[in-house]
K.L.:
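Encoded as structure tokens, here's the structure I'll be asking about.
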Amino acid sequence: MEDIANQNQLQQVILVAQGFYARKDRAHDLEHALRVREWGKLLAEELGADATVIELAALLHDIGRSGAVEKTHAESSAGLSVNILQKAGYSNDLIMRVRDAIVAHSLEAGHEPNTLEAKILYDADKLDFVGAIGLVRLFTLGGVQGWPLVGDNSCETFYQEKIRGYQKHIYTNAAKVYFEPLFLFMEEFWQQLHAERLKLVHSG
Ligand SMILES: [Fe+2]
Ligand SMILES: [Fe+2]
């Protein structure tokens with residue numbers, strides 16, 4: 001019976017989250033949140049962390065991207081999540097742990113993840129920005145922002161400045177094992193892209 005009650009609570013959270021993610025930014029949509037949740041559950045199991053905290057934090061971590069009211073989207077997401085989880089009937093202790101993880105999933109707010117659950121959420125989020133999925137998200141974001149492929153303020157500079165930087169900033173060793181081959185795939189992609197561009201220049 002308790003399991004069914006928990007599932008209902010979780011479904012309620014997913015439904016509310018879906019409403020927040022129903023916007024044009026397909027790089028940060030419900031699908032992204034659901035993939036972060038799967039990475040998070042995997043890492044939680046490997047590292048013996050609280051899977052419920054991570055699952056809820058993953059589902060809600062980017063909801064504040066639509067019309068951020070706080071300084072950063074992480075802080076907005078955290079604030080909105082507290083209300084959503086209170087309405088769904090979660091305990092205060094759990095809500096605070098989810099909030100702390102969400103606030104620290106982006107370093108732009110100046111909060112470092114300092115619990116295992118916060119570190120896992122941070123890592124799970126970055127794992128969704130590498131590999132083939134990472135490339136699709138990068139170019140989706142580039143399309144929304146109107147970035148060119150290469151050059152100043154481009155998809156490539158976002159890749160170099162942001163995504164490459166994650167490599168040094170993955171917190172758990174368990175996540176590093178998954179991150180590395182996906183990151184190398186992206187590096188190879190950019191090499192291939194430049195090789196193609198060079199060929200065009202030489203044949204032109
Ligand atoms: Fe985020
Ligand atoms: Fe995210």
Side-chain angles (χ1 to χ4, degrees), residues 10 13-14 16-44 49 51 53-85 97-145 147 155 158-159 161-172 174-176 178-179 182-183 186:
L10 193 67
V13 171
I14 294 173
V16 179
Q18 203 164 17
F20 281 97
Y21 289 123
R23 307 176 315 280
K24 279 193 220 137
D25 179 2
R26 303 304 302 190
H28 301 92
D29 58 1
L30 183 69
E31 301 302 310
H32 162 61
L34 293 173
R35 288 191 302 266
V36 173
R37 173 201 192 187
E38 292 312 311
W39 276 121
K41 277 161 70 178
L42 187 75
L43 294 172
V53 169
I54 292 166
E55 199 171 0
L56 290 168
L59 288 168
L60 297 166
H61 78 283
D62 275 337
I63 58 172
R65 277 184 174 269
S66 55
V69 286
E70 306 288 341
K71 224 168 51 226
T72 65
H73 84 274
E75 287 166 333
S76 295
S77 301
L80 291 165
S81 298
V82 170
N83 286 335
I84 294 167
L85 295 172
R97 293 168 68 204
V98 172
R99 184 199 62 184
D100 290 349
I102 294 177
V103 156
H105 90 272
S106 161
L107 299 181
E108 65 188 11
H111 307 281
E112 284 261 347
N114 47 27
T115 64
L116 180 59
E117 286 73 22
K119 287 173 185 166
I120 288 177
L121 176 69
Y122 179 96
D123 287 356
D125 187 39
K126 307 312 166 279
L127 280 165
D128 203 46
F129 235 144
V130 282
I133 288 173
L135 284 172
V136 170
R137 290 189 64 221
L138 168 62
F139 296 120
T140 300
L141 194 62
V144 174
Q145 303 286 344
W147 295 333
C155 293
F158 184 89
Y159 173 72
E161 286 159 20
K162 264 276 219 313
I163 300 178
R164 256 199 203 139
Y166 294 150
Q167 203 194 8
K168 291 191 197 74
H169 244 292
I170 295 291
Y171 286 91
T172 67
K176 275 180 195 151
Y178 295 110
F179 187 93
L182 295 170
F183 175 72
M186 276 184 127

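Note that these values count all heavy atoms, side chains included, but never hydrogens, waters or copies made by symmetry. Whatever order the structure lists them in is the order used to number ligands and atoms, beginning at 1.
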K.L.:
For the residue pair E112 / Y171, report whether a side-chain donor-acceptor contact shorter than 3.5 Å exists.
P.N.:
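Distance-only check passes for Y171 and E112.
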K.L.:
Return all side-chain donor-acceptor pairs below 3.5 angstrom for residues 54-64, not counting sequence neighbours, or 'none' if the list is empty.
P.N.:
unit_1 : atom_1 : unit_2 : atom_2 : d
E55    : OE2    : R37    : NE     : 3.0
E55    : OE2    : R37    : NH2    : 2.9
H61    : ND1    : A58    : O      : 2.7
H61    : NE2    : H32    : NE2    : 3.1
H61    : NE2    : D125   : OD1    : 3.1
D62    : OD1    : H73    : NE2    : 3.0
D62    : OD1    : H105   : NE2    : 3.3
D62    : OD2    : H32    : NE2    : 3.1

K.L.:
Please name all residues satisfying side chain to side chain contact (heavy atoms under 4.5 Å, CB included) with E38, sequence neighbours left out, ordered by chain then number.
P.N.:
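Result, side chain to side chain contact (heavy atoms under 4.5 Å, CB included) vs E38: K41.
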K.L.:
At a cut-off of 2.8 Å, what protein N/O/S atoms sit near the Fe ion (ligand 2)?
P.N.:
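Counting only protein N, O or S atoms under 2.8 Å from the Fe ion (ligand 2), the list reads H32 NE2, H61 NE2, D62 OD2, D125 OD1.
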K.L.:
Not counting sequence neighbours, which residues clear side chain to side chain contact (heavy atoms under 4.5 Å, CB included) with R164? List them please.
P.N.:
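Partners of R164 under the side chain to side chain contact (heavy atoms under 4.5 Å, CB included) test: Y159, Q160, F183, E187.
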K.L.:
So, W147 versus F139, ring centres under 6.0 angstrom or not?
P.N.:
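No: the rings miss the under 6.0 Å criterion.
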K.L.:
Can you tell whether the side chains of R97 and D100 come within less than 4.0 Å, N to carboxylate O?
P.N.:
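Judged by the 4.0 Å cut-off on N to carboxylate O distance, R97 and D100 do not form a salt bridge.
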